K.L.:
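One structure, pasted below without further comment.
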Amino acid sequence: MDQFTLNLLFVGASFALYIGIAIWARAGSTAEFYAAGRGVHPITNGMATAADWMSAASFISMAGLIAFTGYDNSSFLMGWTGGYVLLALLLAPYLRKFGKFTVSEFIGDRFYSPTARLVAVICLLVASITYVIGQMQGVGIAFGRFLEIDAFWGLLLGSCVVFAYAVFGGMKGVTYTQVAQYCVLITAYTIPAVFISLQLTGNPIPALGLFGEHTASGESLLVKLDQIVTDLGFKEYTAAHGSTINMVLFTLSLMIGTAGLPHVIMRFFTVPKVSDARWSAGWTLVFIALLYLTAPAVGAMARLNISDLMWPNGTNAEAVSVEQIENEPEYAWMQTWQKTGLLDWEDKNGDGKIQYYNDQNADLQAKAEANGWEGNELTKFNRDILVLANPEIANLPGWVIGLVAAGGLAAALSTAAGLLLAISSAVSHDLLKGQLTPNMSEKNELLAARLSMAAAIVVAVLLGLNPPGFAAQTVALAFGLAAASIFPALMMGIFSTRINNSGAVAGMLAGLTVTLLYIFLHKGWFFIPDTNSFTDADPLLGPIKSTSFGAIGAMVNFIVAYVVSNMTKETPQEIKDLVQSVRIPRGAGAAVDDH
Amino acid sequence: MSQNDDNNAYWSANMRLIKISLVIWALVSFGFGIILRPMLAGIKVGGTDLGFWFAQQGSILCFLALIFFYAWRMNTLDREHGVDEE
């Protein structure tokens with residue numbers, strides 16, 4: 001059986017499974033649509049939240065970004081896990097006690113203001129749509145690869161599948177399909193990593209193999225990797241190169257953003273008890289950690305394998321030849337990926353070899369001159385293809401490649417579906433039913449929810465045609481926006497009785513506006529290319545890149561809310577009582593839908 | 001002690017626990033993983049230094065331990081202060 005058929009088989013089988021589960025658990029009433037009737041066990045909920053959370057950014061993109069920068073991109077690892085500590089300690093149990101369906105309902109009630117609720121909906125929509133753009137990028141790449149078509153067509157086709165999939169069921173369909181998706185994606189991520197770790201280090205656990213010994217050379221894997229990449233003129237893998245301030249702010253933005261993203265917080269509304277909400281956050285992180293502890297090993301080992309393939313006998317011998325790339329089976333992946341337009345090479349000096357090195361490095365430029373090289377000839381290597389190409393790079397059997405394609409799609413689909421659900425509930429539940437047309441029937445509410453999903457996908461595809469970065473970087477921008485707007489409002493709503501309606505509204509608007517402005521100034525207005533005034537290589541504020549600005553936006557939010565609250569009328573007594581009751585687990589009943 | 005005083009005592013015990021946990025949270029990630037990494041450079045782990053390990057794996061393991069510790073401790077506190085769910 002050829003690879004194409006195998007991929008189709010794996011992807012097809014996994015889809016059949018998800019759709020089967022979605023039909024089996026089709027949502028009936030609105031309560032079921034949003035929160036699965038609240039009967040979900042913490043471990044089940046943890047697994048589903050993990051699938052919801054680990055998106056194309058985690059599965060497809062993150063290890064690739066780590067592979068090509070090493071230590072400097074550790075922020076993704078710490079940021080996307082550390083946020084769960086904030087979620088478990090500062091938000092989840094209290095929001096569960098509050099017992100409503102959506103994040104903006106909490107903000108609307110706690111800050112006794114329809115305006116606050118409206119502003120929360122806007123913040124939520126901006127962050128979620130940016131996030132969906134990143135997911136659609138991942139969907140496009142995965143579809144492009146397994147159907148062997150251009151990533152653009154992959155994106156269009158993928159968006160249709162995501163739409164069909166997300167309208168099928170509500171949260172309940174989504175909860176159980178997401179458990180299935182978690183199982184598919186973690187298996188797909190782990191199996192190739194185990195194979196590769198065995199090949200390179202002899203250790204079956206990739207997380208340990210990363211700090212183990214490289215069997216071929218007898219040296220530590222990371223020492224060997226540092227040697228190889230510096231030999232090619234790239235920066236040392238394990239050393240820090242970027243600004244410390246930027247790295248701290250970037251990590252912090254990702255952490256706060258994690259705790260401020262509506263589709264993740266929503267999951268904690270679905271557990272039966274407050275104590276379960278605490279455990280659920282822990283279980284979610286267990287399932288996430290299984291992937292996140294493997295990811296740095298995947299990155300490092302893939303980098304080693306790629307360098308090795310391009311220079312089979314080291315840089316002092318000959319580079320790989322064009323003939324080898326075109327004919328030998330272990331280079332077949334380069335040709336399949338070339339079809340997606342995400343990988344390319346060019347024999348610039350016409351010597352029949354492909355020299356891959358850093359042509360910006362002075363030492364290597366001297367070496368290039370001595371050897372007649374005319375620049376790096378591996379001209380295009382999109383970071384986002386690394387994880388999907390990894391099993392092919394390591395020459396693993398065909399079924400592993402098919403499995404990874406299915407896993408990558410599971411990751412992108414589950415998150416896209418979760419986000420679309422958050423978007424549709426924001427529009428239909430908070431915006432339409434909560435504010436504009438309170439007398440809407442249940443049936444019309446479901447219809448509005450589905451229409452808003454469709455609209456969100458169209459917007460995401462249009463903006464996703466010119467993505468502002470690799471998938472994980474686009475997603476990082478979404479985290480910055482959530483960090484600057486939603487998280488501070490939620491936290492102040494629980495931990496302070498002093499913050500009032502005007503303070504919260506002013507804070508959220510200020511946080512969202514400055515962050516959005518900073519992002520657009522660096523990434524272009526609405527991500528349209530060439531409309532940016534600054535670049536992330538030379539940012540407006542010292543070393544602070546647009547992806548790191550969320551933490552600053554959050555501080556702006558806190559300060560503005562505090563100052564405005566102190567200048568305006570104190571919160572009424574019944575709101576203080578509400579805050580007191582949210583802090584105490586006793587009396588947490590089932591959620592009520594009062595709109 | 002009235003239920004109100006008990007609720008206040010519960011809340012301050014919770015705040016204390018949150019503060020301690022967040023100090024550890026920041027120490028293992030921003031501290032050991034980033035800012036204090038040069039100070040830990042002398043401690044070698046698998047071909048690199050301890051700071052690299054904290055940045056790529058250690059912090060995640062500490063986060064896990066923190067969340068489970070907090071959940072366990074809070075569920076005990078809930079019962080001690082009579083604010084648990086029946």
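Note that the coordinates shown come from a computational prediction; the quantities given were computed from them, not determined experimentally. Naming: A, B, ... by sequence-line order, numbering from 1 per chain.
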K.L.:
I'd like to know if the side chain of W279(A) and the backbone of A71(B) have a donor-acceptor N/O pair within less than 3.5 Å.
P.N.:
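Side chain of W279(A) to backbone of A71(B): no pair is present.
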K.L.:
Rounded to the nearest 0.5 Å, what separation is found between the OG atom of S74(A) and the CZ atom of F52(B)?
P.N.:
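Output value for this atom pair is 6.0 Å.
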K.L.:
Is the closest side-chain heavy-atom distance between P585(A) and Y10(B) below 4.5 Å?
P.N.:
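Of all side-chain heavy-atom pairs linking Y10(B) with P585(A), at least one is under 4.5 Å.
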K.L.:
Taking the ring centre of each residue, are F495(A) and W11(B) less than 6.0 Å apart?
P.N.:
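Yes, the ring centres sit under 6.0 Å apart.
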K.L.:
Contact part of A295(A) toward chain B, heavy-atom cut-off under 4.5 Å: side chain, backbone, both or neither?
P.N.:
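Answer is neither: A295(A) stays 4.5 Å or more from chain B.
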K.L.:
Can you tell me which portion of L87(A) sits under 4.5 Å from chain B's heavy atoms? Options are side chain, backbone, both or neither.
P.N.:
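No part of it gets close to chain B.
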K.L.:
Between the main-chain N or O of D84(B) and the side-chain N or O of R586(A), is there a donor-acceptor pair closer than 3.5 Å?
P.N.:
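Yes; at least one donor-acceptor contact below 3.5 Å.
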K.L.:
Which region of L17(B), side chain (C-beta onward) or backbone (N, CA, C, O), has a non-hydrogen atom less than 4.5 Å from a non-hydrogen atom of chain A, or is it both or neither?
P.N.:
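Interface part for L17(B): neither.
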K.L.:
Hey, is the main chain of L293(A) close enough, under 3.5 Å, to the side chain of Q57(B) for a donor-acceptor pair?
P.N.:
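Side chain of Q57(B) to backbone of L293(A), a donor-acceptor pair under 3.5 Å: yes, one is there.
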K.L.:
Any residues in residues 213-228 of chain A near chain B, with a heavy-atom distance under 4.5 Å, and which are they?
P.N.:
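If one takes a 4.5 Å heavy-atom cut-off, the residues of residues 213-228 of chain A near chain B are S220(A), L222(A), V223(A).
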K.L.:
Assess whether side chain to side chain contact (heavy atoms under 4.5 Å, CB included) is satisfied between Y84(A) and L64(B), documenting all intermediate values.
P.N.:
CA-CA 9 Å; Y84(A) 277 86; L64(B) 268 176; over 6 Å; no
K.L.:
Identify whether the distance between the nearest side-chain nitrogen and carboxylate oxygen of K273(A) and D78(B) falls below 4.0 Å.
P.N.:
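The answer is no: the pair does not qualify as a salt bridge.
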K.L.:
By a 4.5 Å heavy-atom criterion (distance strictly below it), what part of I288(A) contacts chain B: side chain, backbone, both, or neither?
P.N.:
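No part of it gets close to chain B.
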K.L.:
Determine whether I34(B) and Y71(A) make a side-chain contact, defined as any pair of heavy atoms from C-beta on separated by less than 4.5 Å.
P.N.:
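They are in side-chain contact.
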K.L.:
Output the distance between atom CH2 (W53(B)) and atom CG (L210(A)), rounded to the nearest 0.5 Å.
P.N.:
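Nearest 0.5 Å value for the CH2-CG distance: 11.5 Å.
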